[in-house]
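Please read the structure below before turning to the comments.
No hydrogens, no waters, no symmetry mates; every other heavy atom, side chains included, goes into these values.
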Amino acid sequence: MKLSTFIISAALSAAVNAQNSFTINTPGSSVVCQPLLITWAGGAPPYILSVVDGNNPTGAALEELGSQTGTSFTWKVNVNPGKIGLKLIDSTGLTANTAPFDILTGSDTSCVGKTSSGSAAPSSSVSGPASSSSAPVTSTSSSAPATTSSSAPATTSKPASSTTAPATSAPASSSSAAAPNAAATSGVNAGLIGMVGAAALAILA
């Protein structure tokens, strides 16, 4: 009997603590058609967020702001000026309410009565480590030495041209040297024949 009483009291205490830790923050005064940041803490997502009459928080909702999975929402105020409140219900059925606060008249009232709009805060913790995997991809330098060692020994054909130079120039000068010797010999012979002929004529005379 004492054990069951202890279990029941512990469960009631846990429920009370959960209720106390689930809160929605009361914003300051806001202006019609201006963004209003709404924040809360505790509870279990998803949450159902709604706008209620500040003078009748248990009455019907003035605006339904939809299901939320985070802990903040920015709402573009689309209700008439007056006193309103915010109501938040978590997935276990716990309810949290703000205190009543004022919506003031602004220069723009074009959004009043239209479909409510807003945006949840972006989750910045997901995209942080994703960009670190692409950095080392550009550090591959294996293609640099591929063009250094293949073209250097290709210039080893110089000795081939130096062997052909002395082959044709030496005998060409020996044939031209014999030409003046033959001309000189024929000149001497012609002179001797002329002298012999002249002597023969002198004797005959």
Side-chain angles (χ1 to χ4, degrees), residues 1-140:
M1 184 69 179
K2 291 183 179 180
L3 179 60
S4 61
T5 303
F6 174 76
I7 293 174
I8 292 173
S9 62
L12 290 174
S13 177
V16 171
N17 290 334
Q19 177 71 44
N20 292 335
S21 63
F22 181 41
T23 57
I24 182 170
N25 299 314
T26 301
S29 297
S30 186
V31 179
V32 173
C33 294
Q34 295 298 314
L36 174 65
L37 177 62
I38 306 167
T39 60
W40 58 90
Y47 308 93
I48 301 299
L49 180 61
S50 57
V51 181
V52 296
D53 187 342
N55 298 316
N56 185 20
T58 59
L62 301 177
E63 285 289 335
E64 294 288 351
L65 302 183
S67 177
Q68 311 295 328
T69 57
T71 56
S72 67
F73 182 77
T74 300
W75 169 47
K76 185 176 181 180
V77 179
N78 64 328
V79 296
N80 287 310
K83 195 173 292 291
I84 66 167
L86 297 170
K87 181 180 178 180
L88 190 68
I89 303 175
D90 79 345
S91 60
T92 66
L94 293 177
T95 302
N97 289 84
T98 67
F101 61 96
D102 293 321
I103 300 298
L104 306 177
T105 303
S107 58
D108 180 15
T109 59
S110 61
C111 68
V112 175
K114 295 184 178 179
T115 304
S116 59
S117 62
S119 60
S123 55
S124 59
S125 60
V126 177
S127 60
S131 60
S132 62
S133 61
S134 61
V137 177
T138 58
S139 62
T140 56

Considering all heavy atoms, the nearest D102-K83 contact: OD1-NZ, 2.9 Å

Heavy-atom pair of closest approach, residues T69 and P46: CG2-CB, 4.4 Å

Side-chain heavy-atom pair I38, L65 within 4.5 angstrom cut-off: yes

Approximate separation, where rounding is to 0.5 Å, of K76 NZ and S30 OG: 12.0 Å

Under 3.5 Å donor-acceptor, T26 side chain and A99 backbone: yes

Closest non-hydrogen atom pair between T92 and A44, with its separation: CG2-CB, 4.2 Å

Any E64 side-chain heavy atom under 4.5 Å of I48 side chain: yes

Closest non-hydrogen atom pair between T109 and G106, with its separation: CG2-O, 4.0 Å

Gap separating the CG atom of D53 from the OG1 atom of T58, nearest 0.5 angstrom: 9.5 Å

S72 and T39, any side-chain heavy atoms less than 4.5 Å apart: yes

Separation between CG of L36 and CG of L86, rounded to the nearest 0.5 Å: 7.0 Å

Separation between CD1 of I24 and OG1 of T71, rounded to the nearest 0.5 Å: 11.0 Å

Euclidean distance, S50 OG relative to E63 CD, rounded to 0.5 Å: 10.0 Å

Aromatic plane relationship, Y47 with F22 - under 30° parallel, 30 to 60° tilted, over 60° perpendicular: parallel

N80 side, atom CG; I103 side, atom CD1 - distance, nearest 0.5 Å: 10.5 Å

W40 side chain near N25 side chain, heavy-atom distance below 4.5 Å: no

Pairwise side-chain contact, W75 with L49, heavy-atom cut-off 4.5 Å (strictly under): no

Side-chain heavy-atom pair L37, T74 within 4.5 angstrom cut-off: yes

Verdict with supporting geometry, Q34 and V77, side-chain contact (heavy atoms from CB on, under 4.5 Å): CA-CA 6 Å; Q34 295 298 314; V77 179; 5.9 Å; no

Nearest non-hydrogen partners of N97 and T95, listed with the distance: OD1-CG2, 3.4 Å

